[in-house]
Amino acid sequence: MKREAKMVIDKDFKIDEIDKNLYGSFIEHLGRAVYTGIYQPDHPTADKEGFRQDVIDLVKELQVPIIRYPGGNFVSNYYWEDGVGPKDERKARLDLAWTTLEPNLFGLNEFVSWAKKAETEVMMAVNLGTRGVADACNLLEYCNIDANSYYSNMRRAHGYEKPYDIKVWCLGNEMDGPWQVGAKTPKEYGRLAEETAKAMKMIDPTIKLVSCGSSGIGMPTFPKWESITLEHTYDYVDYVSLHQYYDNKANDTSDYLAKSMDMEQFIKSVIATCDYVKAKKRSKKELKLSFDEWNVWYHSNEADEELKQRKPWSLAPGLLEDIYNFEDALLVGLLLISLMKHADRVKMACLAQLVNVIAPIMTDEKGGAWKQTIFYPFLHASVYGRGIALQPVIQTSKHDTSNHTDVTDVEAIAVYNPENEEVTIFAVNRNIDHDVMFTSDLRGFEDYKVLEYIVMEGHDMKAVNSLLSQNVKPTTKTDYEFDSGIFTTNMKNASWNVIRFGK
Ligand code: AHR
């Protein structure tokens with residue numbers, strides 16, 4: 001069978017403008033994300049605040065626009081006051097989410113300062129597990145208000161005169177999950193989030209709020225959770241959250257690479273549920289989606305269980321340190337394409353997470369920082385995937401896998417950036433056995449030329465990177481034709497492709 005994919009790109013086939021926050025990420029007080037990750041005062045590259053400059057450089061390279069903080073499961077029993085004020089007065093606490101000791105040497109003010117240096121915005125989560133309306137309001141006052149009030153003055157007393165003006169706030173984290181400290185029924189969460197949202201918007205009406213969605217499509221209460229909680233929060237919030245992690249525990253690469261179809265199914269179901277609530281409420285408002293936890297997560301599962309049991313309440317244990325391989329990079333590329341395909345409704349997303357914990361960036365406590373395989377597709381999407389997502393009109397050969405049917409050989413999307421007059425095609429040939437003849441008709445882009453064709457291909461599926469070796473990294477490809485607006489190449493089996501056109 002001839003394997004081919006034909007794509008048509010036209011400036012007029014628009015999905016929507018891609019919100020830059022689609023390329024957000026996440027730092028939780030978990031494992032070595034903070035301590036020995038972004039913060040390590042005794043590291044040779046640390047600045048006077050203790051921030052590792054080698055890590056900041058890599059975060060800047062990724063151009064991450066927004067970072068969710070401080071959790072995650074961690075936030076559901078977090079007392080933010082523990083992490084502000086003079087460091088020698090801060091108390092260590094038990095972190096119940098990860099059976100870890102939290103020394104509170106790094107907190108809110110340090111994170112805001114770090115984020116400024118890393119050229120990113122803060123997305124703050126409030127604790128709706130063990131706390132509630134008042135504590136969320138106090139935190140917001142501390143962060144955003146310039147009044148002669150108790151918490152504004154507390155911030156000033158801590159040395160931070162100007163408010164931070166943090167724009168995006170998450171109303172709790174995964175509140176449907178039985179593992180969550182202070183988990184709630186949908187009714188309990190709906191009422192609590194509604195009242196918290198109402199009060200927070202009274203304090204600062206300019207903020208955007210995220211209502212907690214299900215912790216994953218596999219939760220037994222999905223999508224009832226969304227429909228019940230949103231009936232309460234719909235009028236006050238701007239986004240609903242989605243979380244999902246993917247794995248190849250079955251060691252079935254073909255089926256693994258089809259899992260971006262599951263992500264799309266999840267997105268479509270959440271959109272449908274939001275629109276059901278909209279119709280029920282006779283509302284004119286369209287709710288947006290914040291896919292604020294997504295990634296591959298499974299390599300470290302067993303080691304983590306063992307570590308938590310063997311060394312409970314230790315400081316910065318190496319938890320969730322998944323080492324990603326080549327097939328993980330391909331799936332991350334596919335997931336990014338899925339997010340871009342839904343750019344009209346998914347307006348925010350966070351690769352979970354950013355440093356050491358299921359992360360594109362790893363650090364060695366005694367050495368440097370290094371790039372995992374998944375660093376690269378995220379980098380390409382974040383840097384070149386800004387602008388308008390164009391409708392992917394593609395005819396492609398398909399295949400079946402053990403759990404998915406009609407899996408497209410090639411998944412692709414094009415992003416048009418009118419500012420710098422560039423258009424970029426992101427494509428994955430997820431057929432692991434066969435190359436595909438790929439053609440793209442660039443209508444309306446006749447006077448464009450190929451600027452660069454970046455690929456990740458030809459690696460062993462299980463190849464990984466490390467501090468000492470970057471086995472899996474992109475290269476450029478010259479083996480293509482571009483004639484009269486028609487681009488043609490033999491797209492290698494199992495490959496990530498970034499084709500950049502410009503004037
Ligand atoms: O990102 C790791 C964890 O995954 C987060 O703390 C939690 O929200 C999710 O279950």
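Values below: all heavy atoms of this structure, side chains included; hydrogens, waters and symmetry mates excluded. For ligands, and for the atoms within them, numbers begin at 1 and follow the listed sequence.
For the pair Lys285 and Tyr234, the cation-pi criterion (under 6.0 Å, within 45° of the ring axis) is fulfilled.
Ring to ring, Trp225 and Phe222 are not that close: their centroids are 6.0 angstrom or more apart.
With respect to atom 1 (O) of ligand 1, the closest heavy atom belonging to the protein is Tyr245 OH, 2.7 Å. Residue, atom and distance of the protein heavy atom nearest to atom 7 (C) of ligand 1 are Asn73 OD1, 3.2 Å. Nearest protein neighbour of atom 6 (O) of ligand 1, counting heavy atoms only, is Glu28 OE1, 2.6 Å. Among protein heavy atoms, atom 4 (O) of ligand 1 sits closest to Glu293 OE1, 3.1 Å.
Under 4.0 Å from ligand 1, not a single heavy atom of Phe74 appears. Within the 4.0 Å heavy-atom criterion, the part of Trp98 lying near ligand 1 is the side chain and not the backbone.
Partners of His158 by ring pair (Phe, Tyr, Trp, His ring centres under 6.0 Å), not counting sequence neighbours, listed by chain and number: Tyr142. In this structure, Trp370 has no ring pair (Phe, Tyr, Trp, His ring centres under 6.0 Å) partners at least two apart in sequence or on a different chain.
Between Lys167 and Asp165 there is a salt bridge, since a side-chain N of the basic residue sits under 4.0 Å from a carboxylate O of the acidic one.
At least one heavy atom of Ile358 sits less than 4.0 Å from an atom of ligand 1.
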